[in-house]
Structures are given as C-alpha cells and as structure tokens.
*Asks:* 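Have a look at this one.
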Number of protein chains: 2
Amino acid sequence: MLIETTMEMENAASILKLLGDQTRLTMVKMLESHDYCVCEFVAVFHASQPAISQHLRKLKDAGIVKETRKGQWMIYALNPNSPYFTLVQHILQHVPDQDYRIKELEEQGLRVSCD
Amino acid sequence: MLIETTMEMENAASILKLLGDQTRLTMVKMLESHDYCVCEFVAVFHASQPAISQHLRKLKDAGIVKETRKGQWMIYALNPNSPYFTLVQHILQHVPDQDYRIKELEEQGLRVSCD
DNA sequence: AGATTATATAATAATTTACTTATATATAAT
DNA sequence: ATTATATATAAGTAAATTATTATATAATCT
C-alpha cells in the first residue's frame, strides 16, 4: 500500500521477498552449483510436487531461473541474463553451501537420471 | 513447514524476507547514509506512525538496526555489529539511492530537529 | 493405443503479513 | 501538575502467501 518508492526499489524488494523463503533460497543456492530437474528438488525437500512446482514458477516468473525441457523432465537453471543475476550471486555468497544435499541423494540412489 | 534446511539457511532467508518489503528496504537504504528518527520516516513515507514503528521493530528484532533515545526522539541507525551487516551492505549496493527523499523533506521544512 | 512418469495448474484452506484504530508510555514544555 | 509531542504496543482486519488435494498436460514406454 506504499506509494513513495521508486520502481527499481519495488523490483529489488520483490527479488528479496522471493529469496526470503527457505525453500526457494535453498533451490537457488543449489542451482549455483548445477542444474536440477523438478523431481530432484522434490526428493531433496521431501515436499509435494505441486509445492515445488509453484516455487519454481515464482522464480521463473521473476526471471531468476529458466527452464528447459529434456524429455519428460524439466531442467531448471539459474538465468545468467537476469538483470538481477549479480544481486543473486552476491546474496548467495552469504548462504551456506548445499552440495551435501546432492551427495545425500546420490548415496540414497534417489538421483534421477535426468542428466 | 520445511524441515530439510539448515539453521543458517533459515536465518539468511529471514533477513531477506525482512528486506523484501519496499518500506523496510527503503528505510535500510536511507540508514546507509545516516541516522533517522521515527517521525522522519513517517514524513518520508506518508505512512501512519504505528506502521512505521512496527517496521522498525522488525528490523530491530532481527538486529539489523539499533535504536538510541535522544530526548523525545528515538534515533534509528544501522547496526554494524550485526552478523548480517555485510550481507545487508552487499544488497544495498543494488538498491537505488534514496538521498533525494531527505532533500525533499528539507525543502518542505518537514525535517525535524532531532539531530 | 493404453499405461506410466514427470510436471503444471486450479481450487481451496491455513497461515502470515501489514495495515488500521485505539491506547499506553515516556520525555519535554508550560 | 497538566498538556503536548514522540513513540510503542495491542487488538482487529484485510490481503497476501504457501501449503494441500484434485486434475490436466506432455512425454515415454510397452
């Protein structure tokens, strides 16, 4: 309900709000290392598939991630062409590494062969 | 309702969520230049005093800002001792300068003499 | 073609958020 | 002391958010 702020400020705030969610922030941090399909996120977060899909949709709508179909799978990746890419990168510097999650998946044999 | 994230991740996400609000993000950007009292924020944002107070409370609870009483006024400042200070600084680099707001206040004679 | 797998979307419910209005507290001024 | 000013807090409400369940779509496999 706020009027007295610039357009750019609005955009910056909306990016921060998007990343101000544990699930989405973790996803984006994971995508810093490499790409993932939806079902891998579902396995990592023990979350429902629609919940994951909806988070990815928001990230995609904001242009932070991009999607590519690969057979049955949708592969998500960071979008380096986003005007907020460097902001995202700076933020991720302060976020704990999530590579252990993938190792867990692989050890449990839950890593799908979508790549 | 998410389990599978680290504690640090939770903290990082909550800081981003806090800054993911136009009013609070603008406040914090303003505080990068210098300190302000509550009534100046009220004048800048054309918002109600309780609304401003509540935003400042959240920033204070998160340790991002600190307050000092100066007579009748409460002066708010960035807290350089916050463990998230450098994160906040990095984020603010991507946020448009807000110094024009103060100039507006001064020109309109609305700048209170709380400092 | 029919069944299976991966994903998206729609509708809905629960929770959270950010206001509002009303009131309390604390300092300053008369 | 009383009044005024600055700020905080409490209670209530409307809007936004995030999950769930059910269903649709799209590619693959038999």
*Asks:* Quick check for you: to the nearest 0.5 Å, what is the distance between Lys58(A) atom NZ and Leu18(A) atom CG?
*Replies:* 7.5 Å
*Asks:* So that I can tick it off, tell me whether Glu104(B) and Arg101(B) are bridged by a salt bridge, with the cut-off set at under 4.0 angstrom between side-chain N and carboxylate O.
*Replies:* no
*Asks:* Quick one: is dT18(D) close enough that its OP1 or OP2 comes under 4.0 Å of any side-chain N or O from Lys58(A)?
*Replies:* yes
*Asks:* Heavy atoms only, 4.0 Å cut-off, all strands: where does Lys60(A) land among base, sugar-phosphate and nothing?
*Replies:* nothing
*Asks:* Partner lookup for dT23(C), please. Criteria are Watson-Crick or G-U wobble with both distances under 3.5 angstrom; report none if nothing qualifies.
*Replies:* dA8(D)
*Asks:* Would you say dT16(C) has OP1 or OP2 under 4.0 Å from some side-chain N or O of Lys17(B)?
*Replies:* no
*Asks:* Under 4.0 Å from OP1 or OP2 of dA8(D): is there any side-chain N or O of Tyr76(B) that close?
*Replies:* yes
*Asks:* Looking only at the side chain of Thr23(B) (C-beta and beyond, no hydrogens), which of the listed nucleotides dA22(C), dT7(C), dC19(C) gets closest?
*Replies:* dC19(C)
*Asks:* Do Lys103(A) and Asp99(A) meet the salt-bridge criterion of a basic N to acidic O distance under 4.0 Å?
*Replies:* no
*Asks:* With a 3.5 angstrom cut-off on both distances, give the Watson-Crick or G-U wobble partner of dC29(D), or none if there isn't one.
*Replies:* dG2(C)
*Asks:* Starting at the 5' end of DNA chain D, which residue's closest nucleotide do you reach first, Val38(B) or Gln54(B)?
*Replies:* Val38(B)
*Asks:* Both Arg57(A) and His55(B) contact DNA chain C. Which one's nearest nucleotide lies toward the 5' end?
*Replies:* Arg57(A)
*Asks:* Across the strands shown, which category fits Phe41(A) at heavy-atom distances under 4.0 angstrom: base, sugar-phosphate, nothing?
*Replies:* nothing
